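None of the values given here were measured: they were computed from a predicted structure.
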Amino acid sequence: LVGLTAIVIGVAGLTIRLDHQGRQASVAAEARLLSGVLALGLQHYLDQIDLEVRDLSQGPFPPTDPAGNAARVAASFRHLPGVQAVDVLDAAGRPVAGARAGAPVQPERAEIELAFFTTLRDQTTDGLDVSEPLRDMVSGQRMLFVGRRILRADGGFSGIVRVTLKADDLLTRLLPDPLESGLHISLLTQRVEFLTRHPSVVEVQGGAVSRAASPELQQLIEKGTQAASYTARSRLDGQERIAFLRRAGGHPFYFSVGFATETFLVPWRNEGMRVGGLILAFLGLVVLVLRAWRQRGEALAALEQAHGLARDQADRLHRILRGANDGWWEWDLERGIVDYSPHWWEMLGETSFAQQGTPALWQERIHPEDRARVTAELVAAWQGDGGTFQSEFRLCHHAGHYLPVLVRSLLQRVPSGRVVRMSGTVTDLSGLRQIEARLQAMFDLSPLGCCLCDAAGRISDANPALLALVKTERAALL
């Protein structure tokens, strides 16, 4: 009886240990999956911001056209959900144009705003940068700035584009519902500053939730780690966690997702020890362990499958969001298939269409005079090392006339440099061309003598009234 009891206790102890390890592996897998979903969601949101900021950073913002500058910034602001403000500052840090939701942010520490401008001004690399967290004195909420430099045509510094975000919104807009008990999620910057946390904590240092990152977490971020699992004891609440750290793409943000062992593993382990001590429950314990093992395998398989589906859908959404809000299209060069949005066909006056087809569907509609040039531009883009393609040409409308359009796209390359996919938008330029024609007619028919000059002050065009006034030919004046 003693020997049998020892065997039962040994088997129970071994089973508990194995199941405990399995539960730890399951927790680690769930943390890895959730961190990936959160990082992809934040990456796509920041990519959308970066796309608008990159467009604004191309400039210029002439001081003679404040209304045009304001309209351009307001248009980008409308495309960015959850953003508090978009501001354009000149090389001296003075406001040029802006758009915002609510009252302007008043930082508790004004030096953060100046430090962010100085950092972007002195930056030597291109990319989206992030400020130190700050506290808004008006709303009491944590804020942060992200932005890009504006460069002149000669490469000199011309100012910055700055976007103001609520730190808490970056996490709350992405959190699934409901969340498991014992789950802890932190959003940090690459400077190892906590922006926001779930569940929230009262402790605040400046604009950040806390700078008290564990040594393990700080070491991983300082190394530039993209993704890694770790176990550490939090300095915020003293709890030990099984966690996974993941960076949000190429942006300076990290998600740390972990489960506290005190609230998740320890109660289960204690219960397992009590069950293992009951010799009479030997058979029931075996059945329980086998079932838990099977459920663990099914859960891991379901998590991996969900992770794969989420990754595929996120990749597709990422490519589409990099385009604008006009008719979008996506060309898979490997399969020779193009996906067209319904609006793409509507611009061409088509009422019945296929959302997927061959490249010939749009290439045959190109105006004969533009076809060779567009083909040459495509080949040049594929053979080059750039990441984007842009071209203006004419497409045949269903009614028979030709429609001027602007096509822009992102090129996706494999490591060898070969382009395998193009994703982008098509914009109808008919309205712009009509405005240009009206302006040209006003210029030509004006009774006043008018001329156009280039940046060097040389006359590039003159209307008939001016030619009659100076009594000379156009060629002699130009």
Side-chain angles (χ1 to χ4, degrees), residues 44 47-48 51-52 54-55 58 72 75-76 78-79 312-313 315-414 417-441:
H44 296 154
D47 282 345
Q48 186 180 5
L51 181 65
E52 295 295 337
R54 188 190 300 270
D55 181 66
Q58 302 302 315
R72 184 177 172 192
S76 292
R78 289 193 296 270
H79 295 162
D312 292 341
Q313 293 174 358
D315 288 344
R316 184 176 182 85
L317 179 61
H318 168 66
R319 293 191 297 270
I320 293 173
L321 287 179
R322 293 298 296 270
N325 291 327
D326 299 312
W328 61 261
W329 54 273
E330 187 173 59
W331 186 355
D332 187 337
L333 277 74
E334 296 281 283
R335 297 190 301 154
I337 294 176
V338 182
D339 291 312
Y340 303 92
S341 71
H343 187 57
W344 195 99
W345 291 106
E346 291 170 2
M347 282 194 299
L348 299 178
E350 300 290 349
T351 56
S352 60
F353 49 81
Q355 292 192 0
Q356 192 175 83
T358 64
L361 280 177
W362 68 272
Q363 290 173 340
E364 293 173 353
R365 289 176 174 264
I366 299 177
H367 194 284
E369 296 178 1
D370 299 339
R371 193 168 298 160
R373 174 178 58 81
V374 174
T375 301
E377 290 174 350
L378 274 173
V379 172
W382 294 339
Q383 294 178 349
D385 56 2
T388 60
F389 170 78
Q390 179 171 311
S391 180
E392 289 189 26
F393 51 86
R394 291 164 291 178
L395 287 176
C396 184
H397 193 272
H398 178 73
H401 62 277
Y402 281 90
L403 198 70
V405 297
L406 170 64
V407 169
R408 292 177 291 185
S409 73
L410 179 73
L411 305 181
Q412 181 181 350
R413 300 177 184 270
V414 294
R418 179 169 52 88
V419 178
V420 296
R421 190 182 299 273
M422 298 179 67
S423 306
T425 61
V426 57
T427 304
D428 184 359
L429 300 180
S430 300
L432 179 61
R433 294 292 180 262
Q434 291 173 2
I435 293 173
E436 291 175 349
R438 293 193 189 102
L439 291 176
Q440 186 63 44

Look at the side chain of Arg371 and the backbone N and O of Ile366, then say whether any donor-acceptor pair between them is shorter than 3.5 Å.
yes
Kindly indicate whether the side chain of Glu392, heavy atoms from C-beta on, has any atom under 4.5 Å from the side chain of Leu406.
yes
Just verifying a value: how many Å separate Leu411 CG and Thr388 OG1, rounded to the nearest 0.5 Å?
6.5 Å
Any heavy-atom pair between the side chains of Leu348 and Trp362 that's under 4.5 Å?
no
Taking the side chain as C-beta and beyond, is there a heavy-atom pair between Leu378 and Met422 under 4.5 Å?
yes
Donor-acceptor contact present, side-chain Glu350 to main-chain Trp344, <3.5 Å:
no
Search all heavy atoms of His343 against all heavy atoms of Gly327 and return the closest pair with its distance.
CD2-N, 3.4 Å
In Å, rounded to the nearest 0.5 Å, how long is the span from CD of Gln356 to CG of Leu361?
10.5 Å
Taking ring-ring contact (aromatic ring centres under 6.0 Å, His included) as the definition, give me every residue that meets it alongside Tyr402, ordered by chain and number, with sequence neighbours left out.
His367
Using the side-chain contact (heavy atoms from CB on, under 4.5 Å) rule, take Val426 and Val407 through it: C-alpha gap first, then chi angles, then the decisive distance, then the call.
CA-CA 5 Å; Val426 57; Val407 169; 4.0 Å; yes
Between Arg408 (side chain) and Thr425 (backbone), is there a donor-acceptor pair under 3.5 Å?
no
Only residue of Val338, Val420, Val419 satisfying side-chain contact (heavy atoms from CB on, under 4.5 Å) with Trp331 is Val338
Aromatic ring pairing His401/His397, orientation class (parallel under 30°, perpendicular over 60°, tilted between):
parallel
Taking Ser409 for its side chain and Gly424 for its backbone only, find out whether a donor-acceptor pair lies under 3.5 Å.
no
Give the minimum heavy-atom separation between Val374 and Ser391, together with the two atoms involved.
CG2-OG, 4.1 Å
So, Gln58 side chain and Arg54 main chain: donor-acceptor pair closer than 3.5 Å or not?
yes
Working to the nearest 0.5 angstrom, can you tell me the gap between Arg421 CZ and Asp339 CG?
8.5 Å
Which atoms form the tightest heavy-atom contact between Gln48 and His79, and what is the distance?
NE2-O, 2.9 Å
Would a distance-only check, ignoring hydrogens and angles, find a side-chain to backbone donor-acceptor pair under 3.5 Å from Arg413 to Gly386?
yes
Can you tell me how far the CZ atom of Arg433 sits from the CD atom of Gln440, to the nearest 0.5 Å?
13.0 Å
Please evaluate residues Glu330 and Gln412 with respect to the criterion side-chain contact (heavy atoms from CB on, under 4.5 Å), reporting the C-alpha separation (whole Å), side-chain torsions for both, the decisive distance (0.1 Å), and the verdict.
CA-CA 11 Å; Glu330 187 173 59; Gln412 181 181 350; over 6 Å; no
Any idea which heavy atoms bring Tyr340 and Gly357 closest together, and the distance?
CE1-N, 4.1 Å
